[in-house]
Asks: 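My questions all concern the structure below.
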Amino acid sequence: MSNANTARLVRVTTRALGGGLPSDTPLSAATNQFDVVVEGRSGCVLGTSGQPYGLRISALDLITGTNPDSLRNNFSQQRTERFDSAHGWPEKVATFTITIDDPMAIQGHLLRYYAILTSANQIVSFVESPVFLLHLGR
């Protein structure tokens with residue numbers, strides 16, 4: 001459990017676009033989009049402090065050993081927000097929508113997501129998702 005002055009990411013998972021539950025391997029998306037959901041917790045003091053932080057997600061393609069982010073596939077995203085209730089703290093749930101415009105580049109690849117929480121230019125916490133197989137149905 002976080003104390004009053006700490007924050008940590010609890011987990012990062014994937015799900016079908018707008019789905020209610022995290023997906024198990026494989027992730028089958030009916031469209032060219034899916035969600036990455038990041039959950040975090042902070043203590044009550046930090047969660048109402050209004051201090052700035054960054055939240056970033058990035059994928060690793062375990063087949064190629066690279067981040068599959070490109071102009072056509074946005075596997076990496078980031079936000080700059082504040083620790084306060086307007087941004088969901090102290091129990092944070094952030095949803096990032098991933099759009100794939102070049103499905104053949106990653107169809108059938110094993111992927112893993114990483115979520116990184118930074119504050120004052122330092123890594124505060126990070127988590128990794130379970131490995132998942134991406135299958136897009138168009």
Side-chain angles (χ1 to χ4, degrees):
M1 179 62 91
S2 297
N3 73 32
N5 295 304
T6 62
R8 65 185 171 99
L9 297 178
V10 177
R11 70 179 180 159
V12 57
T13 57
T14 58
R15 68 180 185 196
L17 182 66
L21 298 173
S23 300
D24 290 328
T25 302
L27 172 61
S28 292
T31 67
N32 68 331
Q33 295 181 309
F34 65 94
D35 290 333
V36 175
V37 181
V38 180
E39 298 174 48
R41 290 193 180 108
S42 70
C44 58
V45 173
L46 183 61
T48 58
S49 69
Q51 294 298 309
Y53 68 88
L55 181 59
R56 178 177 178 81
I57 60 165
S58 291
L60 176 63
D61 183 330
L62 299 174
I63 302 298
T64 65
T66 62
N67 180 339
D69 195 61
S70 68
L71 292 176
R72 301 194 64 209
N73 296 330
N74 72 333
F75 279 94
S76 295
Q77 297 180 29
Q78 63 184 16
R79 297 178 183 166
T80 301
E81 298 176 333
R82 297 192 172 278
F83 287 108
D84 57 30
S85 61
H87 294 103
W89 295 94
E91 298 288 328
K92 176 73 172 177
V93 176
T95 302
F96 296 84
T97 298
I98 308 304
T99 301
I100 308 298
D101 289 326
D102 183 12
M104 294 314 294
I106 46 79
Q107 184 79 292
H109 286 212
L110 290 171
L111 300 166
R112 171 172 276 156
Y113 256 97
Y114 295 87
I116 303 161
L117 179 68
T118 59
S119 184
N121 294 323
Q122 294 184 341
I123 294 175
V124 174
S125 179
F126 74 93
V127 291
E128 61 184 11
S129 75
V131 173
F132 64 97
L133 175 69
L134 188 59
H135 176 75
L136 298 172
R138 285 188 167 212

Asks: Do the side chains of Phe96 and Val127 join up, straight or via other hydrophobic residues, at under 4.5 Å, putting them in one cluster?
Replies: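 In one cluster with Phe96: Val127, yes.
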
Asks: Decide yes or no for Pro90 and Ser42: does some side-chain heavy atom of the first lie under 4.5 Å from some side-chain heavy atom of the second?
Replies: yes

Asks: Got a second to check how far His87's NE2 is from Lys92's NZ, nearest 0.5 Å?
Replies: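 Those atoms lie 6.5 Å apart.
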
Asks: Is there a donor-acceptor contact under 3.5 Å from the side chain of Asp35 to the main chain of Arg15?
Replies: no

Asks: Measure the spacing between CG of Leu17 and CZ of Phe34 and express it to the nearest 0.5 Å.
Replies: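 Answer rounded to 0.5 Å: 10.0 Å.
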
Asks: Can you confirm whether the side chains of Asp101 and Asn73 place a donor and an acceptor under 3.5 Å from each other?
Replies: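 Result is no, nothing qualifies.
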
Asks: Can any side-chain N or O of Ser70 pair as donor or acceptor with the backbone N or O of Arg72 at less than 3.5 Å?
Replies: yes

Asks: Taking the side chain as every heavy atom from C-beta outward, state whether Thr13 and Ser129 have any atom pair closer than 4.5 Å.
Replies: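 SC-SC contact between Thr13 and Ser129 ruled out.
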
Asks: Consider only side-chain N and O atoms of Gln33 and Thr97, and report whether a donor and an acceptor are under 3.5 Å apart.
Replies: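 Checked: Gln33/Thr97 side chains show no N/O donor-acceptor pair below 3.5 Å.
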
Asks: Of all heavy-atom pairs between Leu133 and Gly108, which one has the smallest distance, and what is that distance?
Replies: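 That would be CD1-O, 3.0 Å.
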
Asks: What's the separation between atom CZ in Arg82 and atom OG1 in Thr48, rounded to the nearest 0.5 Å?
Replies: 13.5 Å

Asks: When clusters are formed from ILVMFWY side-chain contacts under 4.5 Å, directly or step by step, what else is grouped with Phe126?
Replies: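 Once heavy-atom contacts under 4.5 Å are chained together, Phe126 belongs with Ile116, Ile123.
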
Asks: Show your working on salt bridge (charged side-chain N to carboxylate O under 4.0 Å, His left out) between Arg41 and Glu91 and close with a plain yes or no.
Replies: CA-CA 5 Å; Arg41 290 193 180 108; Glu91 298 288 328; 3.1 Å; yes

Asks: Pick from Leu60, Leu111, Asp61, Val36: which one makes a side-chain contact (heavy atoms from CB on, under 4.5 Å) with Phe75?
Replies: Leu111

Asks: Could you check Thr95, Val10, Val12 and say which one makes a side-chain contact (heavy atoms from CB on, under 4.5 Å) with Val38?
Replies: Val12

Asks: Can a donor-acceptor pair be found, under 3.5 Å and without considering hydrogens, that links the side chain of Asn74 to the backbone of Ile98?
Replies: no

Asks: Treat each ILVMFWY residue as a node, draw an edge where side-chain heavy atoms are under 4.5 Å apart, and state whether Val37 and Leu117 are in one component.
Replies: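 Looking at the clustering, Leu117 is in a separate group from Val37.
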
Asks: Looking at OG1 of Thr64 and CG of Leu110, how far apart are the two atoms once the value is rounded to the nearest 0.5 Å?
Replies: 10.5 Å

Asks: Do Arg112 and Val131 have side chains that approach each other closer than 4.5 Å (heavy atoms only, starting at C-beta)?
Replies: yes

Asks: Please name the pair of heavy atoms, one in Ala115 and one in Leu9, separated by the smallest distance, quoted to 0.1 Å.
Replies: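 Result for this residue pair: O-CD1, 3.5 Å.
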
Asks: For residues 51-58, run the donor-acceptor check on the side chains, cut-off 3.5 Å, and write out each pair with its distance to 0.1 Å, sequence neighbours left out.
Replies:
from	atom 1	to	atom 2	distance (Å)
Tyr53	OH	Glu81	OE1	2.5
Tyr53	OH	Trp89	NE1	2.9
Arg56	NE	Ser58	OG	3.4
Arg56	NH1	Gln78	OE1	3.1
Ser58	OG	Ser76	OG	3.3

Asks: Are the side chain of Ser125 and the backbone of Arg8 linked by a donor-acceptor contact shorter than 3.5 Å?
Replies: no

